[in-house]
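A quick write-up on the structure given underneath.
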Amino acid sequence: MFRENTCGELRASHVNLNTTLSGWVHKVRDKGFVVWVDLRDRYGITQLVFDEDRSPKSLLEKARELGRETVIMVNGGVIERASKNPNIPTGDIEVLVQKLEVLNPSQLPPFTIEDDTDGGEDIRMKYRYLDIRRNPVKNNLIFRHKVTMEVRKYLSEYGFIEVETPYLIKSTPEGARDFLVPSRMNAGQFYALPQSPQTFKQLLMVGGMDKYFQIVKCFRDEDLRADRQPEFTQIDCEMAFVEQDDVLYTFEGLTKHLLKEIHGLETGDFPKITYDEAMRKYGNDKPDIRFGMEFGELNSVAQHRAFNVFNSAELVVGIAVPGGASYTRKEIDKLIDWVKRPQVGAMGMVYVKCNEDGTFKSSVDKFYDQNDLQKWAENTGAQSGDLICVLSGKIKETRSQLSALRMEMAERLGLRKPDEFAPLWVVDFPLLELDEETGNYHAMHHPFTSPKPGQIEVLDTDPGAVRANAYDLVLNGNEIGGGSIRIHDKEIQATMFKHLGFTPEQAKAQFGFLMDAFQYGAPPHGGIAFGLDRLVAILGGQETIRDFIAFPKNNSGRDVMIDAPSPIDEEQLKELSLKLDT
Ligand code: ASP
């Protein structure tokens with residue numbers, strides 16, 4: 001038997017127990033007549049003691065030689081420690097070792113296995129199995145397990161059935177490129193890895209499964225942005241005979257359940273705003289509402305003077321930064337430089353200091369009087385002591401620039417508290433989105449999303465104005481879930497494909513199976529998918545999803561541990577009927 005207890009288990013109540021432990025040598029402290037070894041496993045650390053008087057002599061020598069991360073098995077008696085360590089749960093005891101067996105020696109690890117390691121990101125990723133021995137990574141994986149268990153528990157309780165859908169499929173457009181897999185047995189033909197199980201879950205509804213979920217890997221070959229993974233995990237869900245509110249209610253329930261089970265938080269009903277309102281108030285379709293700084297539009301109170309920058313702008317809009325009136329000229333200049341960085345892209349920034357005595361001091365005093373500025377303060381909700389930051393220009397760009405500033409200021413002011421959770425539904429997304437480069441419309445969510453009732457006709461006249469039965473769940477400024485009520489009528493689906501630029505033949509070739517299914521009694525249905533990696537990271541009070549994935553890819557989409565992707569040999573290429581032009 002390798003062990004009778006774990007390294008996290010023994011307490012004062014175990015004194016006198018004879019036990020066997022196995023684990024990794026975390027640290028050796030050699031005091032000559034006595035050697036202490038910290039033995040570690042997933043459950044904790046137990047101190048082992050080898051003592052000149054009380055342990056066999058040869059053991060002391062052996063213990064002294066133990067290298068870090070050696071795997072050992074020991075047997076001995078639990079004794080009370082002379083000097084206790086209140087920082088660890090096993091700190092009251094130690095094990096006086098009588099037998100020691102080295103199960104496997106270890107090379108010196110390339111970084112120390114400590115909470116605060118000396119290893120940089122690259123080296124830790126290359127030796128991820130060693131990184132996983134560290135508490136921060138190990139605890140994140142355990143945390144992820146807990147969240148997943150709670151998801152399974154909740155959904156199963158509400159009658160959802162977990163069904164697996166295939167990974168080798170035909171392309172499903174979710175806005176990204178597919179990862180392709182060549183088929184050896186069908187020369188020249190390819191499977192696609194699913195960007196999501198979207199069409200399959202809809203087919204499960206046609207199949208009468210009624211409530212489906214799956215914790216499932218999805219694959220999207222996107223240009224990598226920071227903290228995106230080419231393969232990621234979704235909690236994918238679908239329900240039949242539902243309207244939008246039924247779906248929102250169910251998954252608000254799931255989210256509340258998670259906040260309660262994981263953090264002990266009771267959350268009230270989630271606020272719901274439309275996409276248009278989110279854009280107007282926050283310049284963003286996934287606003288962080290843990291703090292205010294809502295946008296105040298200023299066109300009506302800023303376009304009546306001789307200030308041409310504002311007069312020629314589509315939108316003049318500002319936010320009130322709490323306490324910002326005390327910023328020095330230098331600090332404000334820095335802020336202006338910040339909004340002018342190419343990543344943000346503003347041309348400049350107008351500011352108004354709201355002085356404690358009720359007066360205003362602005363960078364445009366030449367054009368605006370105190371009454372004007374008073375109105376700006378009213379529109380942005382500024383109080384004395386605040387700084388109003390105003391941007392102007394084209395609507396879309398200006399909103400996104402001010403949104404970036406709002407987030408930056410919140411970060412600087414410590415308003416994005418990781419232990420505070422502010423969920424929000426954003427509803428009524430546009431059905432279609434104009435691709436500025438090609439001038440074509442594409443589906444904002446995906447082509448299976450239904451337009452709002454009575455809007456099909458508008459598709460012909462003003463496609464950009466059509467709103468969809470589509471919704472996102474936003475948590476602390478992150479989209480953690482998104483879904484829609486689907487089209488379940490063959491004709492409407494065909495119309496959608498037409499508007500997305502598919503010929504009837506193309507639509508049939510790619511999605512004939514779905515449209516065929518709609519002819520055999522497809523129930524009204526809808527669903528949602530949560531991004532599990534991000535959900536877990538946010539619930540864990542962090543934003544880096546990589547830290548919650550056992551074996552993540554790096555920012556270039558590489559697994560540096562197994563060295564993938566990598567070339568394959570001629571023979572394999574030939575078998576797959578592939579040729580490389582090199
Ligand atoms: N398949 C969608 C996605 O991956 C989610 C959904 O509509 O249920 O975003």
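The first residue in the sequence is number 1, and the count goes up from there. As the structure lists them, so they are numbered: ligands from 1, and atoms in each ligand from 1.
Residue contact check: His445 has heavy atoms under 4.0 Å from atoms 5 (C), 6 (C), 7 (O), 9 (O) of ligand 1. Proximity to Gly482 (heavy-atom distance under 4.0 Å) selects the following atoms of ligand 1: 5 (C), 6 (C), 8 (O). Contact atoms of ligand 1 toward Gln234: 3 (C), 4 (O) (distance under 4.0 Å to a heavy atom of the residue). The atoms of ligand 1 that sit less than 4.0 Å from any heavy atom of Ile528 are 8 (O). Shown in contact with Ser196 at under 4.0 Å from a heavy atom are these atoms of ligand 1, numbered in order with element: 1 (N), 4 (O). Shown in contact with Gly483 at under 4.0 Å from a heavy atom are these atoms of ligand 1, numbered in order with element: 6 (C), 7 (O). For ligand 1, the atoms closer than 4.0 angstrom to any heavy atom of Lys201 are 6 (C), 8 (O). For ligand 1, the atoms lying closer than 4.0 Å to a non-hydrogen atom of Ala529 are 5 (C), 8 (O).
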Verdict with supporting geometry, Arg558 and Asp563, salt bridge (charged side-chain N to carboxylate O under 4.0 Å, His left out): CA-CA 7 Å; Arg558 296 198 70 82; Asp563 191 25; 2.9 Å; yes

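Ring centers of Phe421 and His263: under 6.0 Å apart, within the cut-off. The ring of Tyr154 has its center no closer than 6.0 angstrom to the ring center of Phe160.
Remark: of the listed residues Phe200, Phe518, Phe511, Phe511 is the sole one forming a ring pair (Phe, Tyr, Trp, His ring centres under 6.0 Å) with Phe448.
Within the 3.5 Å criterion, the main-chain N or O of Glu479 finds no donor-acceptor partner in the side chain of Asp472.
Between the side chains of Arg42 and Asn135, no donor N or O sits under 3.5 Å from an acceptor N or O.
With respect to atom 3 (C) of ligand 1, the closest heavy atom belonging to the protein is Glu174 OE1, 3.3 Å. Protein heavy atom in closest approach to atom 1 (N) of ligand 1: Gln198 OE1, 2.7 Å.
Ligand 1 lies within reach of Arg486, whose nearest heavy atom is under 4.0 Å from it. At least one heavy atom of Arg220 sits less than 4.0 Å from an atom of ligand 1.
Residues passing the side chain to side chain donor-acceptor pair (under 3.5 Å) test with Ser484, sequence neighbours excluded: Thr449, Arg486.
Counting non-hydrogen atoms of neighbouring residues, nucleotides and ligands closer than 6.0 angstrom, the NZ atom of Lys508 reaches no more than 12 such neighbours.
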